[in-house]
Amino acid sequence: MNIPKEFQITKLLHQETYLDNGELIKWNGQQDEVYSTISSTEEYKPTLLGSIPHMDKDAALKVLNSACKSYSQGQGEWPTMKVSERISCMQNFVAKMETKREEVVKYLMWEIGKSLPDSRKEFDRTVEYIYDTIEDYKQLDRDSAKFFKRDGIHAHIRRGPLGVVLCLGPYNYPLNETFALLIPALIMGNTVIFKPAKNGVLLLSPLLEAFKSSFPPGVVNIIYGRGREVAAPIMASGKIDVLALIGNSKSAIALQDQHPYKNRLRLVLGLEAKNPAIILPDADLDLAIEECISGSLSFNGQRCTALKIIYVHQDIREEFNKRFTKKVDALKFGNPWEEGVKLTPLPESDKPDYIKELIEDARKKGAEIINEKGGKLSENYIYPAVLFPVNKDMRVYQEEQFGPVVPIKPFSDIQEILNEMADSSYGQQVSLFGKDIQEIAPLIDTLVNLVCRVNLNSSCQRGPDVFPFTGRKDSAVSTLSVHDALRSFSIRTFVASKDNAYNNEILQELLNSKTSNFVSTDYIL
Ligand code: G3H
């Protein structure tokens, strides 16, 4: 097996500690082995990468205690700290994180099969996200460094933390999406318990020391193990104030159901989606095909924003299908570090069989695989099948495939699609391909009410991370972006005082003495 030296697994990574109350605590219980579906030998065999703690309820509750103690119902050091001090902890963390790029990228490739350029992009994008968050937080602080007066009352309004956050990220962006929750939650003064997803866990090991040394004890806590064994009891304690989860609605609902005081629980959720591409008859086909290829198959379609169904107008379906399938079959499959590779091993060992089931179901119900390589199975992959014509009875129409299969459904009347989208359980984004503004204009006006981002002649995507990322129906709760996430993880809180000499003198003294971290008109540049 030709694996470049720098990416070879020469030593197993046994993560034997977890982060609790600012200490890396040795886990003395069971360790779970971590395998990559990528083979290191010519004859296929999953590669052992190392192991992680299989923590239990008692250990999880101990960690919860640390997070609660650190928050101390809003009285802890972290939630009451000066903005500039929290920022300096974050700056410290990101500087240390940047030194770990190569190690993290290597594990991103092995653990989730993400290509080398995409793994590097995920790391760099995350670092940029942290810097942008710091800048946005400074702006938020500058905007709050003032008093308002209305009806004879002075008000000093800021945003304050919400409490203890349970943060669970997805396997497809184990760094970026998780940190897009974790970082804003932390910087706003919340304390966090973070549990990595089932795949993409060891890549966090190089960052544990940075977490430990950059924040006060108990502010960031990292646990390992099964969701139902560690996350469920944490929720059942009723001590979690925010559930921040990117994943699927089933797990989000199961966790919410554990919480005894549902009205106290805030939700920041990024959930499933089935983003459609709509190809109108006058679309620029070269452009549409290019965008649909990357939209449906980058990272093998394992993106919540992936195009998961393509609606093609009857008049152009033959031409679209012919050219699209040719491009699909030209995509190179290989290991993540191989030059020019576009399709890579699937990290979930049962995924190829699941995709095969979807294909078989669709074929039984009248669809065909229209590309030559479609459905070719290997130990860790199934080559993307383009299925046509897809109908509503097929599982591939109903389920979020989150993998390499592309359903195409023909249409003649655009209203059919709008109705289908309106009836769908999802509402994240859409890609609309066409040119005639007379046709596009009313469509845009409707589509913006069915989803939360209409991508004109381009594939769906989350980025740039400064743009709002959210969804309707089963696709999301609350909004993420550099700017919005700071709001999602905080609440408006303020000090009010009647405008009279007695109060004003106190306020003035508070400001002059700089004794309060909240009542202050100082700001950081
Ligand atoms: O899995 C969902 C991600 O948020 C998608 O992000 O569009 O940047 O790949 P992306």
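When reading the values below, keep in mind they use all heavy atoms of this one structure, side chains included, and skip hydrogens, waters and symmetry mates. Please read all numbers here as calculations on a predicted model, not as lab measurements. Remember, it's 1-based here, ligands and their atoms both numbered in the order they're listed.
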**OP:** Before accepting this row, confirm whether a basic side-chain N of the pair K96/E209 lies closer than 4.0 Å to the acidic partner's carboxylate O.
**Re:** no
Original post:
Which of the numbered atoms in ligand 1 are below 4.0 angstrom from a heavy atom of Q461?
Top reply: 7 (O)
Original post:
Quick one: does NZ or CZ of K114 land under 6.0 Å from the six-membered ring centre of Y173, within 45 degrees of the ring axis?
Top reply: yes
Original post:
Does a side-chain N-to-carboxylate-O contact under 4.0 Å join E339 and K332?
Top reply: no
Subject >> Part of E272 with heavy atoms under 4.0 Å of ligand 1, whether side chain, backbone, both or neither >> reply: neither
Original post:
Are the charged groups of E122 and R125 less than 4.0 angstrom apart, N to O?
Top reply: no
Subject >> atom 8 (O) of ligand 1: nearest protein contact (heavy atom, Å) >> reply: R125 NH1, 2.8 Å
**OP:** Identify the protein heavy atom lying closest to atom 4 (O) of ligand 1, giving its residue, its atom name and the separation to 0.1 Å.
**Re:** E177 OE2, 2.7 Å
Original post:
Nearest protein heavy atom to atom 2 (C) of ligand 1, by residue and atom, and its distance?
Top reply: C304 SG, 2.2 Å
**OP:** Answer yes or no: does atom CD of E6 have more than 12 heavy-atom neighbours from other residues, nucleotides or ligands under 6.0 Å?
**Re:** yes
**OP:** Mark up the atoms of ligand 1 that fall under 4.0 Å of a heavy atom belonging to F469, in ascending order.
**Re:** 4 (O)
Original post:
Do the charged groups of E102 and K106 touch, with an N to O distance under 4.0 Å?
Top reply: no
Original post:
How close does the nearest protein non-hydrogen atom get to atom 5 (C) of ligand 1, and which residue and atom is it?
Top reply: T305 OG1, 3.1 Å
Subject >> Heavy-atom donor-acceptor pair, D329 side chain to N371 backbone, under 3.5 Å >> reply: no
Subject >> Protein heavy atom at shortest distance from atom 10 (P) of ligand 1 >> reply: Y173 OH, 3.3 Å
**OP:** Answer side chain, backbone, both or neither: which part of N172 comes under 4.0 Å from ligand 1, heavy atoms only.
**Re:** side chain
Subject >> Identity and distance of the protein heavy atom lying nearest atom 6 (O) of ligand 1 >> reply: R462 CB, 3.3 Å
